[in-house]
Amino acid sequence: MPGNVIKLRFILNEQPVLLQAHPGARLLDVLRCDFGLKATREGCARGECGACLVLMNGVAVNSCLIPAFTLSDAEIVTIEGIHSLKSFADIRKKLPDCDVYRCGFCSSGMQVALAALLLSDPEPGKEAILQALTGNLCSCGSYRRIVNSVVERSSRKRRYGRRRVERS
Amino acid sequence: MAEDALKEVRVFRPKSLGGTLRLFTRNPGALLYAGGTEIARQAQMGSGRPLNLPQKVIYLGNVQELNRISRGQRYLDIGSVLDLSRILSIGRNVLPPVLFETLSKIATPGIRNLATLGGNISLRACRGDSLPALSVIDTQLELRTAGSTRWVEVGEFFGRGNLPDLRPGEILTRIRVPLEEWDFAVTRKVHGGSGFATTLSFAGVARFPKGSLETLHFCLGGLETPVFRMPVLEERLKSANLPMPARLIDTLSRELGDALTDQVADNPKGRYRAATSLRLFRSFLEKINIRSLDLL
């Protein structure tokens, strides 16, 4: 094997994968170029905009700042996984619809940040949602629509749950 | 240029502290890589291109001893490679409030899930973040080589050129945070540059039982000296009656202003830093006065 390529095994969207890459290859490029998962986007390449967020071992991280050599045995979930895996079905119900976003460039990163929050707090309040989105930039200014959507969708379950109890 | 970016990079992945220290002794020029957020920011080579890393990298992420946190009666020992989010998850009832507030304001959630306290202490670009808060609560840093261990205060960690003063083969392993009660704590960060660069930061803690100042510590970060304390001023304030008279605050502010002339450049940015430092200091003392009256 050439000296500038390493072999790594990790879990990607709940599937075990084998990667051969330069040790310094960015996770962002690995996802987009090696695995064809293009929904994770490059914005600033400095960890400031959040467009490249993915879940790594259950928490949101900036994939532009993660070199390949740190991926061994990691569990990575991308926005594609969040939108297709059964294990994220409950979380999907609480994420904003696509009509909340304007140009949509920030949407992948926003959805990942929100999914990470919902993993630890299924019914977050406005403050918690705003805090979770502090690493996501939206040039179109959709923040209020995003926050209101998540608050409404998270609390809908509470209202429906109460109604079922009253009927019985 | 594409060929330069694909230069050979050898990554070591030790699993124990002993193994790490032996490796680092044999490879003194190797890059120690933990969270790597600041390293990766500076090593970006453009879309589709690997990070520009040195030939040898020692990855610390799997070293159990550096990833632990343990709590004793008087101290909290934090592994230098523990990420900020995990430290914050201990909660504001355990972490000293000044440290909790400081760490929760560093960068963004995504960065805090990767960045480590050891990296934040060591790297020049992060100087204004955690150092003042760590200094005012008398935090100690454990530095180890394969054959030795020593503890230093935060202010003693830096030597010539304001770089970490480490002996050959030495690495930062633990951060020991005293678990003391303080009656009042404040932390402020002033941004002036791009991204997360901190222009200036301030941390202060005080203890004042029964209407007089028992202890007061304050620290400025982001100046010429990485950790700027004034023990002479802190000593003057010991046993001061509360509330402090305006004349005393004015006198102390003038003394601080004189001391700051060596800490800032003689240009508009430097003068801004000096003026803001004085404002932060005065505000700290005035808030102690208000708080002491609330407690009476």
Side-chain angles (χ1 to χ4, degrees), chain A residues 1-6 8 21-30 32-34 41-74 109 112-114 116-117 120 128 130-137, chain B residues 2-13 15 31 33-62 81 83-86 88-89 104-115 119 125 191 194-197:
Chain A
M1 202 184 315
N4 58 345
V5 172
I6 54 172
L8 288 159
H22 187 276
R26 303 180 309 170
L27 174 58
L28 173 64
D29 297 318
V30 163
R32 291 179 60 85
C33 305
D34 293 84
R41 300 185 174 109
E42 177 157 15
C44 65
R46 292 174 55 82
E48 292 171 18
C49 72
C52 69
L53 284 181
V54 296
L55 294 180
M56 182 167 176
N57 301 328
V59 297
V61 295
N62 301 84
S63 60
C64 66
L65 300 180
I66 296 181
F69 69 78
T70 64
L71 293 175
S72 192
D73 299 325
V112 171
L114 292 168
L117 171 67
S120 61
L130 284 168
Q131 177 65 23
L133 295 181
T134 48
N136 294 80
L137 295 179
Chain B
E3 285 73 28
D4 289 340
L6 293 177
K7 70 184 178 201
E8 184 160 337
V9 175
R10 190 166 172 206
V11 180
F12 300 94
R13 275 185 274 233
K15 291 206 163 78
L31 173 70
Y33 196 103
T37 48
E38 190 56 36
I39 293 170
R41 277 155 63 90
Q42 294 177 20
Q44 297 283 326
M45 293 291 286
S47 195
R49 295 172 68 185
L51 298 173
N52 185 17
L53 297 171
Q55 281 189 317
K56 290 183 185 173
V57 175
I58 299 175
Y59 177 52
L60 303 176
N62 298 325
V81 157
D83 64 73
L84 300 180
S85 289
R86 279 178 60 201
L88 285 165
S89 71
S104 62
K105 287 175 190 163
I106 291 176
T108 61
I111 298 258
R112 289 196 293 274
N113 288 332
L114 291 169
H191 286 283
S194 67
F196 306 126

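In the text below, chain A, chain B and the rest are named by the order of the sequence lines, each starting its count at 1.
- No donor-acceptor distance shorter than 3.5 angstrom exists from the side chain of A/E42 to the backbone of B/G48, with no hydrogens or angles considered.
- Residue A/A68 does not touch chain B at all, counting heavy-atom pairs closer than 4.5 Å.
- To the nearest 0.5 Å, the span separating CG on A/L65 from CD on B/E38 amounts to 9.0 Å.
- The 12-atom threshold is not exceeded at CD of B/Q55, counting heavy atoms of other residues, nucleotides or ligands nearer than 6.0 Å.
- The shortest heavy-atom contact between A/T70 and B/Y59 is CG2-CE1, 3.5 Å.
- Of the listed residues (A/I66, A/L28, A/N57, A/N62), the greatest number of heavy-atom pairs within a distance under 4.5 Å of chain B belongs to A/N62.
- Counting heavy-atom pairs under 4.5 Å between each of A/A21, A/C44, A/P67, A/A132 and chain B puts A/P67 at the top.
- Counting all heavy atoms, side chain and backbone alike, B/P50 lies closest to A/A25 at CB-N, 3.8 Å.
- With hydrogens and angles ignored, the 3.5 Å screen pairs a side-chain donor or acceptor of B/R13 with a backbone N or O of A/F69.
- Contact record, B/V9 with A/P23: O-CG, 3.6 Å, taken as the closest heavy-atom pair.
- In terms of heavy-atom pairs under 4.5 angstrom with chain B, the leader among A/V112, A/T134, A/V30 is A/T134.
- Contact annotation: the side chain of B/L51 approaches that of A/R26 to within less than 4.5 Å [non-hydrogen atoms, C-beta and beyond].
- For the pair A/R46 (side chain) and B/R41 (backbone), a donor-acceptor distance under 3.5 Å is absent.
- Of the listed residues (B/G36, B/S47, B/A43), the one with the most heavy-atom contacts under 4.5 Å to chain A is B/S47.
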